[in-house]
Amino acid sequence: MGRGKVELKRIENPTNRQVTFSKRRNGLLKKAFELSILCDAEVALLIFSPTGKAYQFSSHEMDKTIRRYRNEVGLYQPNNEGVRSMEVWRNEIDELKRTIDNLEATHRHIAGEDLAMLGMKELKQLERQLRIGVERVRSKKRRIISEHINMMKRRQRQMQEENTQLQKKLHELEEVGNVNSSSTILGLNACDSFQRFVEQDGAEH
């Protein structure tokens, strides 16, 4: 059985579109190489991906082939140069608009919107992407919580050490206070004894 006819229209799913681009780009580059070898043709091929990355093949010097092409089609005339510049800018703007549309569509799909246009394959792929994203978010949350717990433990140890130091200083101050009180009491007792001795000695005389 032959291959089914593929409807030529823009692929909406970004991942499928990128896969198709990579496969067909490589096939096109291969065909250009084969054509240059088999038919001794001067071939120059330029491909720009949707993201703006350039791919090229040239059987001869690329600049020389491009100059030859410009001479053939008369692009060296000033008026044609201006038209060419406008066309390049217009294509650039259109490409940027398509990129923005793709990003907005992807954002809506991730938010669970506009899913009616997606088939089972695209839905499964979206589900897998969301699952991976959720796991990354959870992993980040666990890491933040772990770091916070470790910080709190370090703070607790610091507070315990500070409390121990304060208790030690308080104990030292209490001991100093007790020594001073004992010295004061001894001093008073000595004064009282001396006073009684003097009084007794005076009475005898």
Side-chain angles (χ1 to χ4, degrees), residues 1-39 41-63 65-70 72-73 75 80-148:
M1 295 179 62
R3 294 178 58 186
K5 184 177 180 181
V6 179
E7 183 181 2
L8 292 180
K9 66 176 183 178
R10 182 173 176 272
I11 301 174
E12 296 297 333
N13 183 271
T15 303
N16 294 342
R17 186 165 60 248
Q18 180 61 36
V19 171
T20 302
F21 171 80
S22 298
K23 290 181 178 180
R24 300 212 173 194
R25 176 201 65 206
N26 294 335
L28 188 58
L29 292 171
K30 181 180 178 181
K31 291 295 184 183
F33 170 74
E34 292 174 351
L35 181 63
S36 66
I37 297 297
L38 295 175
C39 303
E42 182 175 355
V43 180
L45 174 63
L46 279 173
I47 304 174
F48 290 94
S49 70
T51 58
K53 188 175 181 180
Y55 303 87
Q56 68 177 37
F57 166 80
S58 178
S59 60
H60 297 69
E61 185 180 352
M62 176 66 76
D63 292 339
T65 302
I66 292 177
R67 285 195 299 270
R68 178 179 176 183
Y69 167 75
R70 294 173 68 89
E72 288 290 333
V73 298
L75 288 178
N80 288 336
E81 284 291 337
V83 173
R84 181 66 176 173
S85 298
M86 290 297 297
E87 183 180 352
V88 170
W89 281 109
R90 191 178 298 109
N91 291 335
E92 183 80 11
I93 292 173
D94 292 339
E95 189 63 36
L96 289 174
K97 287 180 179 180
R98 285 194 293 269
T99 301
I100 292 173
D101 292 340
N102 293 336
L103 292 174
E104 290 178 348
T106 302
H107 178 75
R108 289 193 300 271
H109 294 161
I110 292 175
E113 302 174 355
D114 295 342
L115 301 179
M117 65 181 65
L118 300 181
M120 181 60 67
K121 183 178 180 180
E122 289 80 9
L123 290 173
K124 287 183 178 180
Q125 183 177 2
L126 178 61
E127 183 181 13
R128 183 170 60 253
Q129 292 174 348
L130 291 174
R131 190 182 302 114
I132 294 173
V134 169
E135 182 57 34
R136 289 176 179 174
V137 171
R138 289 176 178 172
S139 176
K140 178 65 175 180
K141 285 177 61 180
R142 287 193 294 266
R143 185 162 59 252
I144 293 175
I145 292 173
S146 177
E147 292 174 354
H148 183 70

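Predicted, not measured: the structure shown is a model, and the values here were computed from it. What's counted below: heavy atoms across the whole structure, side chains too, no hydrogens, waters or symmetry copies. Numbers for residues simply follow the sequence, beginning at 1.
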**Study point:** Polar side-chain atom of Ser36 near backbone of Phe33 as donor-acceptor pair, under 3.5 Å
**Key:**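 Judged by distance alone, yes, a pair lies under 3.5 Å.
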Practice item. Please confirm whether the backbone N or O of Glu113 pairs with a side-chain atom of Arg108, one donor and one acceptor, at under 3.5 Å? Key: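 Side chain of Arg108 to backbone of Glu113: no pair is present.
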Can you give the donor-acceptor pairs under 3.5 Å from side chains of residues 118-134 to other protein atoms, not counting sequence neighbours?
{"from": "Glu122", "atom 1": "OE1", "to": "Gly119", "atom 2": "N", "distance (Å)": "3.1"}
{"from": "Glu122", "atom 1": "OE2", "to": "Asn16", "atom 2": "ND2", "distance (Å)": "3.3"}
{"from": "Gln125", "atom 1": "NE2", "to": "Thr15", "atom 2": "OG1", "distance (Å)": "2.7"}

Enumerate, atom names and distances included, each donor-acceptor pair closer than 3.5 Å involving a side-chain atom of residues 49-61, sequence neighbours excluded.
{"from": "Ser49", "atom 1": "OG", "to": "Thr51", "atom 2": "N", "distance (Å)": "3.4"}
{"from": "Ser49", "atom 1": "OG", "to": "Thr51", "atom 2": "OG1", "distance (Å)": "2.9"}
{"from": "Ser49", "atom 1": "OG", "to": "Gly52", "atom 2": "N", "distance (Å)": "3.4"}
{"from": "Ser49", "atom 1": "OG", "to": "Lys53", "atom 2": "N", "distance (Å)": "3.0"}
{"from": "Ser49", "atom 1": "OG", "to": "Lys53", "atom 2": "O", "distance (Å)": "3.4"}
{"from": "Tyr55", "atom 1": "OH", "to": "Arg25", "atom 2": "NH1", "distance (Å)": "3.2"}
{"from": "Ser58", "atom 1": "OG", "to": "His60", "atom 2": "N", "distance (Å)": "3.4"}
{"from": "Ser58", "atom 1": "OG", "to": "His60", "atom 2": "O", "distance (Å)": "2.3"}
{"from": "Ser59", "atom 1": "OG", "to": "Ala41", "atom 2": "O", "distance (Å)": "3.4"}
{"from": "Ser59", "atom 1": "OG", "to": "Val43", "atom 2": "N", "distance (Å)": "2.8"}
{"from": "Ser59", "atom 1": "OG", "to": "Val43", "atom 2": "O", "distance (Å)": "3.3"}

Practice item. Could you tell me the separation between the CG atom of Asp101 and the CG atom of Leu96, rounded to the nearest 0.5 Å? Key: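 So the CG of Asp101 and the CG of Leu96 are separated by 11.0 Å.
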Check your understanding: From Trp89 CH2 over to Asp94 CG, what is the distance, rounded to the nearest 0.5 angstrom?
Key ->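 So the CH2 of Trp89 and the CG of Asp94 are separated by 13.0 Å.
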Going by atom type alone, with no hydrogens or angles, which donor-acceptor pairs under 3.5 Å involve a side-chain atom of residues 136-146 and a protein atom two or more places apart or on another chain?
{"from": "Arg142", "atom 1": "NH2", "to": "Glu135", "atom 2": "OE2", "distance (Å)": "3.1"}

**Study point:** Set of residues satisfying side chain to side chain donor-acceptor pair (under 3.5 Å) with respect to Glu95, sequence neighbours excluded
**Key:**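 With sequence neighbours excluded, Glu95 shows a side chain to side chain donor-acceptor pair (under 3.5 Å) to Arg98, given in chain and number order.
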Review point. Residues two or more places apart in sequence or in another chain: which of them pass side-chain contact (heavy atoms from CB on, under 4.5 Å) with Asn26?
Key: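 Checked Asn26 against side-chain contact (heavy atoms from CB on, under 4.5 Å); zero matches.
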Exercise for review: Start with the C-alpha gap between Glu12 and Arg10, add the side-chain angles, then the distance that decides, and say whether salt bridge (Lys or Arg N to Asp or Glu O under 4.0 Å) holds.
Suggested key: CA-CA 6 Å; Glu12 296 297 333; Arg10 182 173 176 272; 3.3 Å; yes
Practice item. Could you list the residues that satisfy salt bridge (charged side-chain N to carboxylate O under 4.0 Å, His left out) with Glu42, not counting sequence neighbours? Key: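 In terms of salt bridge (charged side-chain N to carboxylate O under 4.0 Å, His left out), with neighbours along the sequence ignored, Glu42 is linked to Arg68.
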Exercise for review: Please report the C-alpha distance between Lys31 and Leu45 in whole Å, then the side-chain angles of each, then the deciding distance to 0.1 Å, and finally whether the side chain to side chain contact (heavy atoms under 4.5 Å, CB included) criterion is met.
Suggested key: CA-CA 10 Å; Lys31 291 295 184 183; Leu45 174 63; over 6 Å; no
